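Report on the following structure.
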Amino acid sequence: MSTARLSPTIPATLLTALERLLGPGGMRTDPADTAPFATDWRGLYRGRTPAVLRPATVAEVAACVRLAAEARVALVPQGGNTSMVGGAVPAEDGSELVLSLSRLTRVRALDPLDLTLTLEAGVTLKAAQEAAAAAGLWLPLSIASEGSAEIGGVLATNAGGNNTLRFGNARERVLGLEVVLADGSIWNGLRRLRKDNTGYCLRQIFVGSEGTLGIITAAVLRLEPEPAERAAAFVGLSTPEAALALLGRLQRHDAAALVAFEYMSAAGIALVLEQIPGTRLPLAASAPHYALMELASPRAGSGLAEGLETALADALEAGEITDAALAASEAQRAQFWKLREEHSEAQKRAGASVKNDISVPVPAIPELLRRGAAAARAIVPDVRVAPFGHLGDGNIHFNLVQPDGVTPEVFLAESEALMEAINEVVLSLDGSFSAEHGLGRLKPPMLARWRGEIELSLMRRIKAALDPDGLLNPGKVLPRVQS
Ligand code: MLT
Ligand code: ZN
């Protein structure tokens with residue numbers, strides 16, 4: 001272990017004790033190995049850490065936390081490191097240790113009668129979906145980064161994604177949690193009861209707390225029966241109002257089966273087609289707006305595809321859609337989803353972007369799209385306004401991509417002004433400045449204005465009660481108190 005670059009705030013005795021605890025392979029200290037854990041997916045933050053701790057068991061997680069707490073050293077819990085808001089990166093001064101949960105990969109139990117899955121924090125969301133599917137069950141939680149995002153982070157950030165309109169956010173899937181607390185004790189709350197009114201609902205305090213109150217090491221998730229039938233369609237629309245009309249039509253048609261309704265703008269799709277090899281528009285002509293919808297049912301022979309086709313024919317006649325493609329095979333359904341899921345990657349390849357993960361009441365979406373675009377263009381006239389996202393639940397990723405011909409630095413110099421301009425519109429529409437990505441390091445300064453002093457003070461009191469020394473993921477969620 002090289003000690004040459006150690007921050008003076010991390011005692012060498014702590015690192016020696018951690019190394020002894022975790023053994024070979026359990027701790028990384030070489031800067032070349034730690035760098036990927038200290039940088040976020042977007043490349044917005046480049047932190048530094050003297051060590052990445054990689055415990056292999058819950059007992060080791062607890063022992064790491066205890067040792068760090070005794071030495072008053074802060075820990076940054078990390079899963080798949082897919083945060084869009086810098087939620088899992090350590091500070092630049094090298095004063096924090098990264099605690100990776102990625103080696104906790106056990107699926108502990110699956111109960112097909114109870115419809116529950118008990119698994120550890122480091123299981124990727126995709127692996128969790130596959131474990132459910134292998135038993136003929138469904139974990140209806142789906143996000144673009146599911147191949148890398150891990151259950152601990154998915155729950156710590158209360159991830160949302162594509163199925164929220166039907167099944168809710170990660171929070172709604174959680175029946176029980178196991179959490180390592182700030183003093184290194186282990187709270188075993190792995191209950192799997194649907195009814196359990198026995199005081200404060202502690203698990204929900206940790207869900208969405210972004211690792212600032214405790215470290216989630218395992219969870220019990222609710223599953224659903226696996227769909228026996230699915231039907232998906234990709235459509236073109238002339239206006240955002242038409243997208244709302246179509247959403248309403250599909251809800252009236254079969255609200256129980258409608259599991260996703262995603263929006264894509266012309267600019268968003270253009271970037272995907274330009275940047276992602278192997279993608280193509282499944283429609284005869286391009287349109288100003290697009291939507292991807294999916295229906296699913298556990299009942300075989302429920303006629304989902306036929307029903308969707310009829311609903312879309314009616315929508316075409318009513319002038320709600322300009323064109324539609326129904327997925328004729330599983331491969332085609334996957335192609336439709338690729339057009340939607342590659343939006344972030346395509347935008348990253350096109351240069352710098354300013355992400356506004358916001359939500360508004362569903363009826364306000366057309367106004368959001370129009371006023372948001374105008375507000376952004378008033379600051380950067382040729383910005384690529386490429387909103388997309390989960391229209392069915394009101395969560396739009398109002399992403400703004402740099403124009404061609406400027407450097408990312410020049411564009412990002414406007415990022416605060418652009419975020420503020422979009423937020424003004426969102427605030428006037430009774431929306432939220434963070435729908436599903438959380439606050440991380442990017443958004444704590446916005447919290448007081450949006451949630452108000454009383455809520456901020458309640459949050460600070462919860463933090464002080466559960467992490468009195470402020471050693472869990474400092475600087476995330478809550479704004480730092482100026483001294
Ligand atoms: C997605 O839904 O693809 C992500 O949450 C997106 C993003 O803001 O880039
Ligand atoms: Zn999203």
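Given the structure is predicted, the values throughout are model-derived calculations rather than measurements. These values consider heavy atoms only, across backbone and side chains, with no hydrogens, waters or symmetry-generated copies. First listed ligand is number 1; within each ligand, the first listed atom is number 1. One is the number of the first residue; the rest follow in order along the sequence.
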Atoms in ligand 1 with a heavy atom of [X] nearer than 4.0 Å:
X	answer
Glu436	2 (O), 5 (O)
Met84	6 (C), 7 (C), 9 (O)
His437	4 (C), 5 (O), 6 (C), 7 (C), 8 (O)
Arg340	1 (C), 2 (O), 3 (O)
Ser344	6 (C), 7 (C), 9 (O)
Ala144	3 (O)
Asn399	7 (C), 8 (O), 9 (O)

Parallel under 30°, tilted from 30 to 60°, perpendicular over 60°: which one fits the rings of His390 and His397? perpendicular
Check: [Y] main-chain N/O paired with [X] side-chain donor or acceptor under 3.5 Å:
X	Y	answer
Asn163	Phe167	no
Asp467	Leu472	yes
Asn395	Ala435	no
Gln332	Ala328	yes

Regarding Glu436, does it place an N, O or S atom less than 2.8 Å from the Zn ion (ligand 2)? yes
The test is salt bridge (charged side-chain N to carboxylate O under 4.0 Å, His left out); show your working for Arg333 and Glu294 and say whether it passes. CA-CA 9 Å; Arg333 186 174 74 89; Glu294 182 158 306; 3.0 Å; yes
CZ of Arg48 to CD of Glu92, rounded to nearest 0.5 Å, is 10.0 Å
Once you restrict to heavy atoms under 4.0 Å, what part of Gln347 touches ligand 1? Side chain, backbone, both or neither. neither
Does Asp357 approach ligand 1 within less than 4.0 angstrom via side chain, backbone, both or neither, non-hydrogen atoms only? neither
Begin from the C-alpha positions of Glu455 and Arg460 and carry the test salt bridge (charged side-chain N to carboxylate O under 4.0 Å, His left out) through to its verdict. CA-CA 9 Å; Glu455 282 193 40; Arg460 285 206 194 283; over 6 Å; no
What angle, in degrees and rounded to 10°, do you get at the Zn ion (ligand 2) when you join it to NE2 of His390 and to NE2 of His397? 100°
Would His390 count as a contact of ligand 1 if the rule is a heavy atom under 4.0 Å away? yes
Would you please determine whether His343 falls within less than 4.0 Å of ligand 1 on a heavy-atom basis? no
